[in-house]
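Below is one structure, written out as structure tokens; comments come after it.
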Amino acid sequence: MNYKIVVQINARILLIEAAFMLPALLISLYCGEELAAAAFGKTIILIAFLFMLLHLISRGAERVFYAREGFVCVGLAWIIMSAVGCLPFYLSGEIPSYIDALFEMVSGFTTTGASIVPNVEVLSKGILYWRSFSHWIGGMGVLVFLLAIVPSNKKSGGFSLHLLRAESPGPSVGKIVPKMRRTAMILYVMYVALTVLDVIFLVAGGMNLFESFCHAFGTAGTGGFGVKADSFAGYSPYLQNVTTVFMILFGINFTCYYLLLTKQFSAVIFDEELRLYIGTILVSTILISADVYRFYGNLEETVRTAAFQVGSIITTTGYATADFDKWPSFSKSIILLLMVMGACAGSTGGGIKCSRVLILFKGLRRNIHQLLHPQRVQVVRINKRTLGENIITNTNAYLAAYVIIIILSVLVISLDGFSFETNFSAVLCTFNNIGPGLAEVGPTCNFAAYGVISKAVLIAGMLLGRLEIFPILLLFSGSTWHWSIKRRGIKWKKVRQTKSEE
């Protein structure tokens, strides 16, 4: 393990986080929010001190970087960013409990949108901005941003690719273009362009500039933190429709947008994951509209509400225009299934991902065919490309870990005494980075009533879900750290043998 390079990268990430806090500090100063401004100022000073300390520790770091360092860097970075990023909430006194502040910050960075704040409208504007902007940071990933701005180095030993693979969602991550830094830059340019376009459409619909940016950050990162207590219910049908469209757009694999820009239209049209994603949205909207029509009695309002909630849940954004906890069981069952499925790989959405659903179903079909024809060679193809057995194996391992973590999490938080529906949906919506669940954690409720242990479990679930389990689990694996100690021991032993021979 190259410890110094891990420390060095985390130092840079802290510096980026401090830079991202500056607009929130300026907003607080402009609005005369003294406590919030002081909290941001103290946090930025603390980050500057930590950066200098970590920079001194990591001086002379070798540019040797492998998959192990990539996973450790990403896992530690998200934990450290959250632990420090929540300080403005805590120091300003607007969220007086550190565990609650940490819950809110992790929910922001992981684009979950689950909140412990009973009424967001009482929060200061600087805090509201930082809370929403955390979605935008976490949506594409701060390490992808780091790759986009840091010059490449031939001696980095896979620095870029290992970081991108560890942080980006999906069963496999590749390059859009040959150079990884250019790939990261292209991703962020498209991300910024779509965000700005969303802001323009929201402002055109009469939403003020501050709220437009906050909601665009939440939509782009598929996070769901809003600035109103009723989420999106109080906004006009036009604004709801605009947000529905952009939530769905941000749930699409960003590679599809690059293919459109390079005029590879057929590759996008026949993309199996995209077709599953769009098809699921259309079918779910139709089924829910038919089921809840009697609640509204108006076809336009019914379809608009159903489409908004389907788009919000499948992309794991979490905005709400209706209390879907009061919908019939059939519609709520569809909502739960959409929570699990999630958006496309390579998007800012959470969940298992449509690509994994495809792999699992195609793998199941192959196994059934092999039982009938054991001598025949069966392969799994997506978009006419044969998938390697390692991808199928990793997908199965991910599903097994996914189920085990959910079961254990539900068992632990059930100690707080809430109903099974509440606990199960709380775990599902945090682990899949969605936000609202059902019953006591529904769209009109929050997570404040859970105890410290349950909140810690849900925080861990949010991090595990955003980083797709393995980067966090590897931090607690002995082999991640012992390997380097063992290798150093072998190397020292060889040095001693050489000296004795001389």
Side-chain angles (χ1 to χ4, degrees), residues 5-31 33 36-58 73-74 76-92 101-102 104-106 108-111 124-152 159-160 163-164 167 181 184-193 195-196 199 209-210 213-214 216-218 220-221 223 225 348 466:
I5 194 67
V6 172
V7 172
Q8 188 179 94
I9 291 171
N10 276 278
R12 292 180 181 179
I13 289 166
L14 280 174
L15 194 62
I16 292 171
E17 185 177 22
F20 282 152
M21 278 188 191
L22 290 175
L25 171 61
L26 295 176
I27 289 171
S28 296
L29 290 171
Y30 177 79
C31 296
E33 299 162 350
F40 282 115
K42 290 174 184 177
T43 305
I44 290 171
I45 292 170
L46 174 62
I47 290 175
F49 172 77
L50 289 174
F51 170 76
M52 290 187 289
L53 179 63
L54 295 177
H55 184 70
L56 287 173
I57 293 172
S58 61
C73 266
V74 169
L76 287 177
W78 281 74
I79 293 171
I80 293 170
M81 273 187 357
S82 300
V84 176
C86 71
L87 289 177
F89 299 154
Y90 178 65
L91 295 176
S92 65
L102 181 62
E104 200 78 5
M105 193 76 267
V106 172
F109 279 138
T110 59
T111 72
S124 62
K125 285 197 171 183
I127 292 294
L128 281 174
Y129 176 89
W130 176 239
R131 186 171 171 266
S132 294
F133 189 63
S134 64
H135 284 330
W136 196 86
I137 299 170
M140 187 61 69
V142 70
L143 280 97
V144 177
F145 180 81
L146 179 66
L147 298 181
I149 63 173
V150 173
S152 58
F159 166 87
S160 302
L163 283 181
L164 188 64
E167 187 175 51
R181 185 184 177 218
M185 289 180 67
I186 290 171
L187 287 172
Y188 253 98
V189 167
M190 293 188 291
Y191 190 49
V192 171
T195 305
V196 171
V199 171
L209 192 62
F210 176 78
F213 269 104
C214 287
F217 292 149
F225 278 155
T348 59
R466 171 58 181 85

Under 3.5 Å, which donor-acceptor pairs link side chains of residues 37-55 to any protein atom two or more places apart or in another chain?
| residue | atom | partner | partner atom | Å |
| --- | --- | --- | --- | --- |
| Thr43 | OG1 | Ala39 | O | 2.8 |

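In this structure, Glu33 does not pair ionically with Lys125, as no charged nitrogen and carboxylate oxygen lie closer than 4.0 Å.
When side chains are defined from C-beta on, Leu187 does not count as touching Tyr191, because their heavy atoms never get closer than 4.5 Å. The closest side-chain heavy-atom distance from Tyr90 to Glu104 is not below 4.5 Å. Contact annotation: the side chain of Pro88 approaches that of Met21 to within less than 4.5 Å [non-hydrogen atoms, C-beta and beyond].
When all heavy atoms are compared, the tightest approach of Ala77 to Ile13 is CB-CD1, 3.5 Å. Here the closest non-hydrogen pair linking Gly139 and Thr111 is N-CG2, 3.6 Å. For Met105 against Ser134, the heavy-atom pair with the smallest separation is CE-CB, 3.3 Å. Minimum heavy-atom separation, Phe210 to Leu128: CZ-CB, 4.1 Å. In this structure, Gly126 and Ser28 approach most closely via the heavy-atom pair CA-OG, 3.3 Å.
Phe89 contributes atom CZ, which lies 8.0 Å from atom CH2 of Trp130 (distance to the nearest 0.5 angstrom). Interatomic distance, Phe109 CZ to Ile137 CD1, rounded to the nearest 0.5 Å: 5.0 Å. Taking CG of Leu14 as the reference point, atom CE of Met81 lies at 9.0 Å (rounded to 0.5 Å). Separation of atoms OG (Ser92) and CD1 (Ile127) is listed at 4.0 Å; rounding is to 0.5 Å. Met190 CE to Ile186 CD1: the interatomic distance, rounded to the nearest 0.5 Å, is 6.5 Å.
The residue from Asn10, Val7, Ile9 that alone fulfils the side chain to side chain contact (heavy atoms under 4.5 Å, CB included) condition with Leu76 is Asn10.
One N or O on the side chain of Arg466 and one on the backbone of Gly138 form a donor-acceptor pair closer than 3.5 Å. In this structure, His135 contributes its side chain and Phe217 its backbone to no donor-acceptor pair below 3.5 Å. Ser132 contributes no side-chain N or O that, together with a main-chain N or O of Tyr129, makes up a donor-acceptor pair within less than 3.5 Å.
A parallel orientation is assigned to the rings of Trp136 and Phe133, their planes being inclined by less than 30° (bins at 30° and 60°).
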